[in-house]
J.: 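One structure, as structure tokens, below. Some questions next.
When a ligand or atom number is given, it counts from 1 through the structure's own listing order. Each residue takes its place number in the sequence, starting with 1. These numbers come from a predicted model, not from an experiment.
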Amino acid sequence: MKILFIGDGQLGQMLGASATRHGHECLLFSTRTNTVKPLSAQLDLPHKLTQAIEWADVVSWEHEAIPADIMTAARAKFLMDPERIQRLTDRRDEKSLFDECGVPTSPWQAFTTAAELEQILVQAEQPLVIKAARGGYDGKGQWRYTMATDPHELAQQAGQVPGIVEQLIPFKREVSLVGARNQDGSICCYPLVTNVHDRGILSYSLGAMDVVTDALQQQAEASFRKLTEALQYVGVLAIEFFVVVDGSDVQLLVNEIAPRVHNSGHWTMTGANCSQFDLHIRALTNMPLPLLRLEPTLMLNVIGAAQIPDALWRHPDVECFWYNKEPRPGRKVGHVNVRTPNRDTAMTWVEQWAEQLQVLAD
Ligand code: ATP
Ligand code: MG
Ligand code: MG
């Protein structure tokens with residue numbers, strides 16, 4: 001098959017590598033430079049976007065901000081309605097989708113002006129999180145409101161663009177579900193992964209080593225089914241959850257969804273017989289979804305560091321992935337996957353390496 005991916009960042013590159021490995025031809029379209037890039041030195045592939053769309057059997061994406069002209073030109077090549085996916089780039093639509101599907105999420109309200117935001121803040125009785133409706137990632141475009149904050153000042157800052165206000169959730173931990181839905185509606189999900197964030201950016205994930213109860217996994221997969229069915233989704237999608245504990249009651253609240261492959265699924269490149277990238281390609285090309293075989297794996301992000309130390313490249317239990325990006329504080333430039341027998345060993349790795357591998361912006 002011929003696959004055109006929108007986006008040429010690390011996710012696009014890893015999707016492309018997987019597509020190529022499966023014997024498909026593949027092009028990446030950079031939405032930053034507006035250029036079409038072949039993954040390898042295949043000289044006879046189209047260079048122009050219009051030709052690339054015509055050339056492709058399927059168009060997919062590494063990020064959901066699909067330019068409007070591509071949405072129109074490639075409409076017949078998407079395996080689902082791209083407008084439904086694009087709606088998810090606005091947190092107001094995303095939260096509405098959770099409500100429509102009956103998937104529990106943190107209580108929220110939308111605002112469009114600073115004055116509206118101030119109104120909400122003045123009436124607040126508990127801490128809140130403010131999020132810009134569009135464009136936020138890695139914790140950017142977010143503000144916290146506590147009883148000690150001046151509502152007017154914060155509203156002036158955070159209310160410059162439309163957004164949402166939601167309750168700050170005192171979660172026990174954060175987990176995510178990465179899975180795929182096939183064209184026939186069957187689904188295949190990895191076990192819930194624990195994610196730990198530092199200053200809003202994913203620091204590390206613990207893959208296939210959690211004490212995830214069957215009940216929690218079923219809760220998560222039920223949400224996955226509802227959301228992907230509502231979207232008539234085909235491919236890999238990730239759901240981020242807060243785990244909320246109230247006495248003996250454990251509940252999952254959806255934080256956000258990513259209609260694509262996701263950073264918290266990178267551990268599967270080492271810890272699964274079928275990585276999330278392979279899974280996406282299988283779904284796109286209508287192959288049966290696999291029976292997963294998994295091994296406990298720690299995924300530690302490389303953020304802002306100039307390189308991955310030699311000791312990690314050389315270590316037999318470690319697989320290093322370098323994205324070939326210019327390092328900047330707070331920018332994801334690679335990740336390392338470590339085969340670890342259990343959580344305690346994983347935490348020892350984190351303690352030993354996180355500081356060196358992660359240079360965060362203040
Ligand atoms: P991503 O890079 O995952 O796309 P993002 O910028 O879209 O991140 P969120 O995932 O919404 O932002 O928030 C980033 C982090 O901030 C969350 O993983 C969580 O740790 C914290 N956070 C966000 N919303 C809340 C909330 N309502 N209550 C408590 N913590 C929150
Ligand atoms: Mg996000
Ligand atoms: Mg998030």
Side-chain angles (χ1 to χ4, degrees), residues 7 9-11 61-65 85-99 103-111 120-121 124-146 149 158 161-178 192-206 220 223 227 236-246 251-267 276 299 301-304 323 329-333 335 358 360-361:
Q10 64 264 22
L11 299 178
W61 54 83
E62 69 153 8
H63 61 70
E64 52 275 32
I85 306 309
Q86 229 219 355
R87 266 185 66 194
L88 298 174
T89 56
D90 191 310
R91 289 192 194 271
R92 293 167 293 186
D93 289 328
E94 187 182 10
K95 285 289 235 181
S96 304
L97 175 73
F98 301 154
D99 292 344
V103 171
T105 189
S106 167
W108 67 285
Q109 261 179 288
F111 67 86
I120 298 173
L121 297 183
E125 284 168 7
Q126 47 190 316
L128 303 169
V129 181
I130 305 163
K131 299 181 181 179
R134 301 179 147 273
Y137 69 98
D138 289 347
K140 296 183 175 81
Q142 285 191 23
W143 298 263
R144 298 284 167 102
Y145 176 79
T146 65
T149 319
V161 289
I164 61 164
V165 179
E166 59 180 37
Q167 260 175 40
L168 180 80
I169 302 297
F171 55 77
K172 179 128 186 293
R173 59 191 174 114
E174 290 186 85
V175 296
S176 62
L177 188 77
V178 175
L192 282 165
V193 164
T194 293
N195 300 315
V196 178
H197 294 82
D198 191 352
R199 279 159 268 179
I201 303 192
L202 181 62
S203 173
Y204 61 92
S205 301
L206 304 168
S223 297
L227 292 169
V236 165
L237 177 141
I239 311 180
E240 296 178 6
F241 296 98
F242 300 132
V243 181
V244 182
V245 180
D246 182 11
Q251 211 205 359
L252 292 175
L253 292 184
V254 176
N255 173 31
E256 58 168 355
I257 60 180
R260 53 174 167 80
V261 288
H262 192 250
N263 194 174
S264 70
H266 288 0
W267 69 276
Q276 64 165 340
M299 190 288 307
N301 266 332
V302 183
I303 303 170
Y323 305 156
R331 188 180 204 204
K332 292 171 183 166
V333 291
H335 69 272
Q358 300 182 347
L360 299 171

J.: To the closest 0.5 Å, what do you measure between CD (E94) and CD1 (I257)?
T.: 5.5 Å
J.: Under 4.5 Å between any side-chain heavy atoms of E174 and F242, yes or no?
T.: yes
J.: Which bit of Q167 gets closer than 4.0 Å to ligand 1, counting heavy atoms only: side chain, backbone, both or neither?
T.: backbone
J.: Note the single closest protein heavy atom to atom 31 (C) of ligand 1, along with its residue, its atom name and the distance in Å.
T.: F242 CZ, 3.6 Å
J.: Would you mind reporting whether K332 and D138 have side-chain heavy atoms less than 4.5 Å apart?
T.: yes
J.: Where do R91 and E166 land on the salt bridge (Lys or Arg N to Asp or Glu O under 4.0 Å) test, with the steps shown first?
T.: CA-CA 11 Å; R91 289 192 194 271; E166 59 180 37; over 6 Å; no
J.: Check which protein N, O or S atoms are less than 2.8 Å from the Mg ion (ligand 2) and report how many there are.
T.: 2
J.: Got a second to check how far N263's CG is from I201's CD1, nearest 0.5 Å?
T.: 10.0 Å
J.: Can you list the atoms of ligand 1 that are under 4.0 Å from a heavy atom of L168?
T.: 28 (N), 29 (C)
J.: Students should be able to answer this: which protein heavy-atom is nearest to atom 4 (O) of ligand 1, and at what distance?
T.: E256 OE2, 2.9 Å
J.: Check R91 against ligand 1 and report side chain, backbone, both or neither, counting heavy atoms closer than 4.0 Å.
T.: side chain
J.: If you round to the nearest 0.5 Å, how far is CD of E240 from CG of N195?
T.: 7.0 Å
J.: I'd like to check T105 versus K95 (side-chain heavy atoms, cut-off strictly below 4.5 Å). Are they in contact?
T.: yes
J.: If you measure from CG on L237 to CD on Q276, what distance do you get to the nearest 0.5 Å?
T.: 11.0 Å
J.: Can an N or O of I169 be found at a distance shorter than 3.5 Å from an N or O of ligand 1?
T.: yes
J.: Which one holds for L202 and ligand 1: side chain close, backbone close, both close, or neither close, with close meaning a heavy atom under 4.0 Å?
T.: neither
J.: Are L128 and W143 side-chain neighbours, meaning at least one heavy-atom pair lies under 4.5 Å?
T.: no
J.: What's the verdict on side chain to side chain contact (heavy atoms under 4.5 Å, CB included) for L252 and V175, showing C-alpha distance, side-chain angles and the deciding distance?
T.: CA-CA 9 Å; L252 292 175; V175 296; 3.9 Å; yes
J.: What protein heavy atom is closest to atom 9 (P) of ligand 1, reported as residue, atom name and distance in Å?
T.: Q142 NE2, 3.4 Å
J.: Ligand 1 versus V129, non-hydrogen atoms closer than 4.0 Å: side chain, backbone, both, neither?
T.: side chain
J.: What's the separation between atom CZ in F98 and atom CD1 in I239, rounded to the nearest 0.5 Å?
T.: 7.5 Å
J.: State, with a plain yes or no, whether a side-chain heavy atom of Q126 is found less than 4.5 Å away from one of L168.
T.: no
J.: Out of curiosity, S176 OG to H262 NE2, how far, rounded to the nearest 0.5 Å?
T.: 6.5 Å
J.: Can you report which non-hydrogen protein atom sits closest to atom 30 (N) of ligand 1, along with the distance?
T.: F171 CE2, 3.4 Å
J.: Is it the case that ligand 1 has an N or O less than 3.5 angstrom from some N or O of G139?
T.: yes
J.: If the cut-off is 4.0 Å to any non-hydrogen atom of E166, which atoms of ligand 1 fall inside it?
T.: 24 (N), 25 (C), 26 (C), 27 (N)
J.: Would you mind checking which non-hydrogen protein atom is closest to atom 11 (O) of ligand 1, with the distance to 0.1 Å?
T.: K131 NZ, 2.7 Å
J.: Going through the distances and angles, do H335 and W267 end up as a side chain to side chain contact (heavy atoms under 4.5 Å, CB included)?
T.: CA-CA 9 Å; H335 69 272; W267 69 276; over 6 Å; no
J.: Compare E94, R199, R144, E174 and give the one whose heavy atom is closest to atom 22 (N) of ligand 1.
T.: R144
J.: Within a strict 4.5 Å, meaning less than it, do heavy atoms of the I85 and W61 side chains meet?
T.: yes
J.: Could you tell me if the side chain of L253 sits less than 4.5 Å from the side chain of F171, heavy atoms only?
T.: no
J.: H197 heavy atoms, cut-off 4.0 Å: which ligand 1 atoms fall inside?
T.: 18 (O)
J.: Between ligand 1 and K332, is the shortest N or O to N or O distance under 3.5 Å?
T.: no
J.: Polar contacts were defined as any N/O atom of the residue lying under 3.5 Å from an N/O atom of the ligand; does this apply to H262 and ligand 1?
T.: no
J.: Only heavy atoms of E240, strictly under 4.0 Å: list the atoms of ligand 1 that pass.
T.: 3 (O), 10 (O)
J.: If you count the atoms of ligand 1 from 1 in the order shown, which ones are under 4.0 Å from a heavy atom of D138?
T.: 1 (P), 2 (O), 5 (P), 6 (O), 8 (O)
J.: Using protein heavy atoms only, decide if any is under 4.0 Å from atom 15 (C) of ligand 1.
T.: no
